[in-house]
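Heads up, the thing below is written out as structure tokens.
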Amino acid sequence: MINDFDLSMTILELKDYNIYIGQTGRELSEIIENGHYSKVAILADENTDRLCLPVLAKKLNIDFNIIKIPAGEIHKNLNTCRYIWEQMMLAGMDRHSLLINLGGGVAGDMGGFCAATFLRGIDFIQVPTTLLSQVDASVGGKLGIDFNLIKNSVGVFKNPQAVFVDPEYLKTLPYNEVRSGFAEVFKHALIADADLWNDLQTINDFAEVDWSPVLARSLRIKKAVVEKDPFEKGLRKALNFGHTVGHAVETFSLKTDQPLLHGEAIAIGMVCESWLSHVEGNLSEKALNGITDFIKRIYPSYIFEKNNFSEIMGYMKKDKKNRSGKINFRLL
């Protein structure tokens with residue numbers, strides 16, 4: 001179990017919206033009240049509906065509709081989008097309505113995509129409930145779904161009205177979900193903050209981590225990057241470190257009886273792409289070994305057979321970062 005948290009609010013201000021780190025409540029209610037929305041709906045999956053929605057609902061003094069979807073990356077597709085749009089229409093939502101996405105990266109990516117395309121766009125707020133979504137998916141305005149097994153291959157850029165990162169929701173997570181999200185935390189450190197990387201290496205037990213300052217430090221890195229490059233034309237591509245290999249092995253694993261969580265796959269990707277960074281002469285052997293040893297200490301081994309490589313390479317060749325048929329990597 002994760003320890004209780006400091007309930008003070010940290011606010012990171014971006015150009016179009018704020019990230020609130022702390023106990024969700026008053027600020028969210030004020031945004032909803034000031035928006036004068038005709039309808040409010042909360043999108044939740046079967047897990048967050050049971051574990052997180054009761055926590056959020058008692059903090060909001062408003063009427064809202066609930067749109068419940070199945071949990072898991074496998075449902076991040078057009079069929080689920082169709083269901084969400086149908087439920088929004090049945091609820092009578094119009095262009096002055098608000099969708100609150102309560103959940104992990106799947107709910108945030110897909111819910112934001114549905115909001116951004118419903119009636120040519122309605123407001124939405126992200127309330128991420130997993131460590132992974134709190135430090136990564138909920139910030140930066142990248143929305144989308146998987147299509148033909150290719151991750152995030154259909155989507156848009158659209159910023160939310162706000163993001164509320166509440167460490168209280170981390171208490172609901174199993175260990176492997178916390179471990180998955182931790183991969184994106186140390187990815188930020190590796191690409192931009194050596195001090196944070198050094199501090200993270202001292203962590204031995206997630207149950208003893210005070211997550212609020214870790215979340216704030218990690219989110220400041222992502223905030224700085226997305227502000228300078230909101231549409232991923234240059235600097236923001238650095239956030240894709242580990243993701244070319246990572247997305248491919250994640251997609252491959254979803255077809256097996258041992259599917260990987262996103263962060264687990266990205267950890268594999270970071271091992272591979274750190275090695276590529278070393279081969280290219282940009283990373284010392286000492287640094288490579290330090291990264292590899294750290295990841296192997298936290299994440300279990302995952303075995304790929306040699307005859308799997310061509311299929312995994314096939315997924316890499318379809319990566320949206322590629323150009324002119326060449327596979328692109330963001331290396332350290």
Side-chain angles (χ1 to χ4, degrees), residues 2-14 18-22 128 130-140 163 165-167 170 178-230 232 234-243 246 262-264 266-278 280-299 329-332:
I2 297 171
N3 295 335
D4 291 337
F5 305 96
D6 179 4
L7 300 181
S8 61
M9 182 68 74
T10 298
I11 302 176
L12 303 182
E13 297 181 357
L14 284 82
N18 292 339
I19 305 168
Y20 299 87
I21 306 169
T130 64
L131 180 57
L132 180 65
S133 59
Q134 288 184 351
V135 298
D136 185 53
S138 64
V139 178
V163 177
V165 175
D166 191 338
L170 300 183
V178 178
R179 183 178 62 191
S180 174
F182 189 60
E184 294 286 359
V185 175
F186 69 78
K187 179 202 75 177
H188 288 161
L190 283 170
I191 66 174
D193 191 337
D195 290 336
L196 177 58
W197 168 243
N198 290 332
D199 291 343
L200 293 176
Q201 290 183 79
T202 66
I203 292 176
N204 293 306
D205 185 353
F206 290 139
E208 297 179 354
V209 175
D210 180 4
W211 286 108
S212 289
V214 175
L215 289 167
R217 292 175 72 181
S218 185
L219 282 166
R220 284 191 180 98
I221 295 169
K222 180 146 194 187
K223 169 185 178 292
V225 172
V226 300
E227 280 187 318
K228 292 178 181 177
D229 183 16
E232 205 173 67
L235 175 65
R236 187 168 177 173
K237 293 178 182 179
L239 295 171
N240 289 320
F241 171 62
H243 283 60
H262 176 73
E264 295 170 335
I266 298 309
I268 292 171
M270 284 190 278
V271 170
C272 297
E273 294 180 29
S274 293
W275 178 80
L276 287 174
S277 301
H278 172 66
E280 290 294 308
N282 299 321
L283 192 69
S284 70
E285 185 174 2
K286 180 180 179 181
L288 170 64
N289 291 337
I291 294 167
T292 302
D293 291 345
F294 176 75
I295 292 174
K296 288 170 68 176
R297 174 165 66 85
I298 297 173
Y299 298 88
F329 301 89
R330 304 307 300 181
L331 303 181
L332 296 178

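Note that the coordinates shown come from a computational prediction; the quantities given were computed from them, not determined experimentally.
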Stepwise side chain to side chain contact (heavy atoms under 4.5 Å, CB included) check, L14 with E227: CA-CA 7 Å; L14 284 82; E227 280 187 318; 4.0 Å; yes
Test log, rule side chain to side chain contact (heavy atoms under 4.5 Å, CB included), inputs V178 and L170: CA-CA 8 Å; V178 178; L170 300 183; 5.6 Å; no
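Note that CG of D293 is 9.0 Å distant from CG of L288, once rounded to the nearest 0.5 Å. In this structure, OH in Y299 is found 6.5 Å from CE in M270, a value given to the nearest 0.5 Å. Atom CD1 of residue I21 and atom CG of residue L219 lie 4.5 Å apart, to the nearest 0.5 angstrom. If you take CZ on R220 and CG on L215, they are separated by 11.0 Å, rounding to the nearest 0.5 Å. To the nearest 0.5 Å, the span separating CD on E264 from CZ on R179 amounts to 5.0 Å. Note that NZ of K222 is 13.0 Å distant from CG of L12, once rounded to the nearest 0.5 Å.
Under the 30°/60° scheme for interplanar angles, the aromatic rings of W211 and F206 are found to be tilted.
When atom types are taken as modelled, the side chain of S277 and the backbone of L332 share a donor-acceptor pair closer than 3.5 angstrom.
By the neighbour-count criterion of 12 heavy atoms within 6.0 Å, atom CH2 of W275 is sparsely surrounded, having that number or fewer from other residues, nucleotides or ligands.
Looking only at side-chain heavy atoms (C-beta outward), L131 and S180 stay at 4.5 Å or farther from each other. Put simply, the side chain of L283 does not reach to within 4.5 Å of the side chain of E273, judged on heavy atoms.
The minimum heavy-atom distance between I203 and R297, with the atom names listed, is O-NH1, 3.2 Å. A pairwise comparison of heavy atoms in G290 and W197 identifies O-CZ2, 4.4 Å as the closest pair. Nearest heavy atoms, P128 versus V165: CG-CG2, 4.1 Å.
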Compile the donor-acceptor pairs under 3.5 Å between side chains in residues 181-194 and protein atoms, sequence neighbours left out, one pair per line.
{"residue": "E184", "atom": "OE1", "partner": "K187", "partner atom": "NZ", "Å": "2.8"}
{"residue": "E184", "atom": "OE2", "partner": "H243", "partner atom": "NE2", "Å": "3.0"}
{"residue": "E184", "atom": "OE2", "partner": "H262", "partner atom": "NE2", "Å": "3.3"}
{"residue": "K187", "atom": "NZ", "partner": "L239", "partner atom": "O", "Å": "2.7"}
{"residue": "H188", "atom": "ND1", "partner": "S218", "partner atom": "O", "Å": "3.4"}
{"residue": "H188", "atom": "ND1", "partner": "S218", "partner atom": "OG", "Å": "2.7"}
{"residue": "D193", "atom": "OD1", "partner": "D195", "partner atom": "N", "Å": "3.1"}
{"residue": "D193", "atom": "OD1", "partner": "L196", "partner atom": "N", "Å": "3.0"}

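Partners of D205 according to the side-chain contact (heavy atoms from CB on, under 4.5 Å) rule, which considers only residues two or more places apart in sequence or in another chain, are A207, E208.
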